[in-house]
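Comments concern the structure below.
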2 protein chains.
Amino acid sequence: MASRLEADSVHWRSVCPIASGLDVLGDKWSLVIVRDLLEHESRTYSQFCESPEGISTNILAARLKSLTVLGIIEHVDLDRPARNNAYRLTTSGLELRPILEEVARWSQKNLRELHPEIVTIL
Amino acid sequence: MASRLEADSVHWRSVCPIASGLDVLGDKWSLVIVRDLLEHESRTYSQFCESPEGISTNILAARLKSLTVLGIIEHVDLDRPARNNAYRLTTSGLELRPILEEVARWSQKNLRELHPEIVTIL
DNA sequence: CCGCATCCGTTACGATACTG
DNA sequence: CAGTATCGTAACGGATGCGG
């Protein structure tokens, strides 16, 4: 109940835009959630849970909350709470697409040796 | 001494190239180190410590090790150990540049409200 | 000194069970 | 269905030690 995420104050390590971007996106799950929303337009809580990476429910809830506070995602129906109310990307969130495309490109080119099962997309 | 990083076995959450990229780059420090090496060509251990984000020494050592195992960075002089032997990006590491450029662009455009002190680069 | 490794308290993560 | 509560584990972060 007393989670510090309520007033989601990011700790900005510096004024560098790269470091600041990583202050909000630099974890293992936020951009996976964004990926799902780029692929599917909108997703409910349980649909996120079905993704093959298998996020646990508390992490998902925390990330959805912080991404919402950051203005990257929002509920599809803005003022009806929760039940079957899917999430979608905001304008800010949609602009993350080039980052994910570059991550995918880099991984496909540079991770195949370490991770042969990786698939090719796009 | 018994650090599990010796045989750096990444846990691949899925076969998705985006998730796999985040399996290795999805933390707050790895790409900050890469940023320093894109800006400065080569950096020593203590030069990394001088960056404004203030990485702590144990985290720095761990990240340098895992980035080396992943083939993203290497020592400038490949077979002389440690002392004043700077790090540089490998070919794989140099190819991370587009990702960081997109992160910088996104942050400059979408983080200014939350973080007014953020600076503009490029 | 420089490049770490170790210790240790704090924070984040992850699996599972549970609730409105 | 959409989250919380709980609790064990792993990562982080600061201080400090130590070998070359």
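Just so we're on the same page: letters track the sequence lines, and every chain starts at 1. All values below come from the heavy atoms of this structure, side chains included, with hydrogens, waters and symmetry mates left out. Predicted model, so just to flag it, every value in this text is computed and none were measured.
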Would you please test B:Arg97 and B:Glu102 for salt bridge (Lys or Arg N to Asp or Glu O under 4.0 Å) and show each step?
CA-CA 9 Å; B:Arg97 179 185 289 277; B:Glu102 293 298 338; over 6 Å; no
Go through the steps for B:Val15 and B:Ser20 under the test side-chain contact (heavy atoms from CB on, under 4.5 Å), then give the verdict.
CA-CA 7 Å; B:Val15 298; B:Ser20 301; 6.0 Å; no
Stepwise side-chain contact (heavy atoms from CB on, under 4.5 Å) test for A:Trp106 and B:Leu25:
CA-CA 11 Å; A:Trp106 182 85; B:Leu25 302 170; 3.9 Å; yes
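Contact check of residues 14-36 of chain A against DNA chain D (heavy atom, cut-off under 4.0 Å) returns no residues at all. Contacts between residues 41-53 of chain A and DNA chain D, defined by a heavy-atom separation under 4.0 Å, are made by A:Thr44, A:Tyr45, A:Ser46.
Over its full length, the helix from C:dC1-D:dG20 to C:dG20-D:dC1 turns its helical axis through 30°, comparing axes from the five pairs at each end and rounding to 10°.
Residue A:Arg63 places its side chain closer to C:dC13 than to any other of C:dC13, D:dT4, C:dA5. Among the nucleotides D:dA2, C:dG3, C:dA5, the one closest to any side-chain atom of B:Asn84 is C:dG3. Closest to the side chain of B:Ile59, out of D:dC12, D:dG3, C:dG14, is D:dC12.
Taking CG from B:Leu67 and CG from B:Leu96, the interatomic distance works out to 9.0 Å, rounded to the nearest 0.5 Å. A distance of 9.0 Å separates CD1 of A:Ile121 from CD of A:Glu101, quoted to the nearest 0.5 Å. Distance OG1/B:Thr90 to CD/B:Glu95: 8.5 Å, rounded to 0.5 Å. To the nearest 0.5 angstrom, B:Asp23 atom CG is 8.5 Å from A:Leu111 atom CG.
Where A:Ala86 and B:Ile55 each meet DNA chain D at their nearest nucleotide, the meeting point lying more 5' is that of A:Ala86. In terms of position along DNA chain C, the nucleotide closest to B:Ala61 lies nearer the 5' end than the nucleotide closest to the other residue of the pair A:Ser56 and B:Ala61. DNA chain C is contacted by both A:Gly54 and B:His75; B:His75 maps to the nucleotide lying nearer its 5′ end (nearest heavy atom per residue).
The shortest distance between side-chain heavy atoms of A:Lys28 and B:Arg13 falls below 4.5 Å. B:Cys16 places a side-chain heavy atom less than 4.5 Å from the side chain of A:Glu53. Side-chain contact between B:Val10 and A:His115 is absent, with no heavy atoms from C-beta onward closer than 4.5 Å.
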Annotated protein contacts, base or backbone, on nucleotides 15-20 of chain D with a non-hydrogen cut-off under 4.0 Å, one of B, S, - each
BB---B
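Under 4.0 angstrom from either OP1 or OP2 of C:dG3 there lies no side-chain N or O belonging to B:Asn85.
Applying the 6.0 Å contact sphere to CD of A:Glu113 captures no more than 12 heavy atoms from other residues, nucleotides or ligands.
Side chains of B:Thr120 and B:Gln108: a donor-acceptor N/O pair is absent below 3.5 angstrom, by distance only.
Spacing between atom CD1 of A:Ile73 and atom P of D:dA2 amounts to 13 Å, rounded to whole angstrom units. For A:Leu60 and C:dT16, the CG to P distance is 16 Å, given to the nearest whole Å. Here the P atom of nucleotide D:dA2 and the NZ atom of A:Lys65 are 16 Å apart, to the nearest Å.
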For residues 72-79 of chain B, run the donor-acceptor check on the side chains, cut-off 3.5 Å, and write out each pair with its distance to 0.1 Å, sequence neighbours left out.
residue: B:Glu74; atom: OE2; partner: B:Arg88; partner atom: NE; Å: 3.0
residue: B:Glu74; atom: OE2; partner: B:Arg88; partner atom: NH2; Å: 3.4
residue: B:His75; atom: NE2; partner: B:Tyr87; partner atom: OH; Å: 3.4

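Residues passing the side-chain contact (heavy atoms from CB on, under 4.5 Å) test with A:Asp27 are A:Trp29, A:Ser30, A:Arg63, sequence neighbours excluded.
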